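Inspection log for the structure reproduced underneath, given as structure tokens.
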Amino acid sequence: MLKPKALTKVLEQANTGGVRCTLLLNLEGTLMAYAGKSDKKETITAAIAANIWMSNERGASSGQLANLTFIVLDCMDGKVAIRRVAGLLLCMYTNNTIGLGLLKAKADVLAGYLQTPLSQIASSSASS
Amino acid sequence: MAEELQKYLKRLLPTVEGLLSIIISDRDGVQLVAAHDQAPPGTLRPPFLGTFAIATEQASKLGLGKNKSIISYYSGHQVIQFNHSPLVLTFVATGEANTGLIYSLEEDLRDAVTDLQGAVTVL
């Protein structure tokens with residue numbers, strides 16, 4: 001089963017080099033776990049991130065584009081990266097010091113690490 | 001102005017390998033000026049281009065200030081969109097295209113888009 005404390009510690013490992021907060025949320029915008037601090041309440045950040053993801057997915061289907069995998073929102077005071085992992089969304093909330101390439105690399109590595117355990121939970125909850 | 005801008009966009013298109021289209025549209029996704037080469041047809045239409053307006057408005061509520069741009073990666077493509085409210089600058093490219101180079105094209109187009117902004121903004 002999933003250990004919430006262990007999951008939080010894994011997310012916390014990404015909070016270096018400009019990454020202020022790392023969140024795991026479902027596609028409905030419900031916050032599953034997070035580590036760090038964002039300027040908005042983390043539940044609000046999660047809801048907005050999921051909304052943007054779903055909006056882009058709907059747009060993608062009308063644009064005949066397949067499989068949305070990653071979104072980066074570049075704002076005046078920071079960036080937010082959103083990546084799909086095992087039916088959930090991984091969201092990284094950063095300041096402006098981190099480069100786009102490093103942010104993407106961090107998200108890819110963390111998602112790769114979480115893919116297997118989160119997939120097992122998703123498949124076991126689907127079968128029960 | 002629009003014809004010259006379209007010619008300029010057509011000249012810019014082959015400068016980045018994998019870049020399929022450059023589109024300037026309004027918030028509703030209606031094209032003002034565009035240049036494209038084998039871009040997925042759906043990416044040239046208002047239902048696709050218009051989703052940026054919703055996303056950028058939401059992104060500006062994240063506590064990080066106004067949203068400047070959104071980059072979306074798909075299986076075989078990437079879409080980079082810039083907020084020049086009330087206009088949207090969209091680049092559609094293959095997944096292998098150099099994102100940084102495409103991002104830097106926005107600087108080349110900034111003056112032209114600003115002129116167009118002034119032309120469409122209602123005082």
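Chain letters run A, B, ... following the sequence lines, proteins first and then strands; every chain starts at 1. What you see is a predicted model, and the numbers here were worked out from it, not measured in a lab.
Heavy-atom pairs under 4.5 Å with chain A peak, among B:Thr51, B:Leu62, B:Thr99, at B:Leu62. In terms of non-hydrogen atom pairs under 4.5 Å with chain B, the most contact-rich of A:Thr45, A:Asn56, A:Asn67 is A:Asn67. For the options A:Ala66, A:Ser55, A:Ala81, heavy-atom pairs under 4.5 Å to chain B are most numerous at A:Ala66. Of the listed residues B:Gly100, B:Ser60, B:Gly50, B:Ser69, the one with more heavy-atom pairs under 4.5 angstrom with chain A than any other is B:Ser69.
At a heavy-atom cut-off of under 4.5 Å, chain B is reached by A:Leu100, A:Lys104 from residues 97-111 of chain A, listed in order of number. Residues of residues 90-98 of chain B lying within less than 4.5 angstrom of chain A, judged on heavy atoms, are absent. Interface with chain A: from residues 34-45 of chain B, residues B:Pro40, B:Pro41, B:Gly42, B:Thr43, B:Arg45 qualify, criterion being any non-hydrogen pair under 4.5 Å.
B:Leu49 and B:Val113 fall into different hydrophobic clusters, where Ile, Leu, Val, Met, Phe, Trp and Tyr residues are linked whenever their side-chain heavy atoms come under 4.5 Å apart, directly or through other members. Hydrophobic clustering (ILVMFWY, side-chain heavy atoms < 4.5 Å, transitive): A:Trp53 and A:Val85 are in distinct clusters. Under a hydrophobic-cluster definition in which Ile, Leu, Val, Met, Phe, Trp and Tyr are linked whenever side-chain heavy atoms come within less than 4.5 Å, directly or via other members, B:Leu109 and B:Leu32 are assigned to the same cluster. Residues B:Phe82 and B:Ile22 share a single hydrophobic cluster, defined by chaining ILVMFWY side chains whose heavy atoms lie under 4.5 Å apart. With hydrophobic clusters built from ILVMFWY side chains whose heavy atoms lie under 4.5 angstrom apart, A:Leu90 shares a cluster with A:Leu88.
In this structure, the side chains of A:Leu68 and B:Tyr74 come closer than 4.5 Å at one or more pairs of heavy atoms. Side-chain contact between A:Phe70 and B:Ile71 is absent, with no heavy atoms from C-beta onward closer than 4.5 Å.
In terms of heavy-atom proximity, B:Gly65 sits nearest to A:Cys75 at O-CB, 4.0 Å. Closest heavy-atom contact between B:Ala55 and A:Ile52: O-CD1, 3.9 Å. Listed here is the closest heavy atom pair of A:Ile71 and B:Ile70: CG2-CG2, 3.9 Å.
To the nearest 0.5 angstrom, B:Thr56 atom OG1 is 10.5 Å from A:Asp74 atom CG. Atom CE in A:Met76 sits 10.5 Å away from atom CG in B:Asn83 (nearest 0.5 Å). Atoms NZ and CG, on B:Lys68 and A:Leu73 in that order, are 12.0 Å from each other to the nearest 0.5 Å.
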For residues 8-16 of chain B, which side-chain donor-acceptor pairs fall under 3.5 Å, sequence neighbours excluded?
from    : atom 1 : to      : atom 2 : distance (Å)
B:Thr15 : OG1    : B:Leu12 : O      : 2.5

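For chain B, the nearby part of A:Arg20 is the side chain; its heavy atoms alone come within less than 4.5 Å. Proximity to chain A is absent for every atom of B:Phe52, based on heavy atoms less than 4.5 angstrom apart.
Counting heavy atoms of neighbouring residues, nucleotides and ligands inside a 6.0 Å radius, atom CD of A:Gln64 exceeds 12 of them. Applying the 6.0 Å contact sphere to OH of B:Tyr73 captures more than 12 heavy atoms from other residues, nucleotides or ligands.
For the side-chain contact (heavy atoms from CB on, under 4.5 Å) with B:Lys61, the lone residue among A:Ile48, A:Ile44, A:Asn51 that qualifies is A:Ile48.
Between the side chain of A:Asp77 and the backbone N or O of B:Gly63 there is no donor-acceptor pair closer than 3.5 Å.
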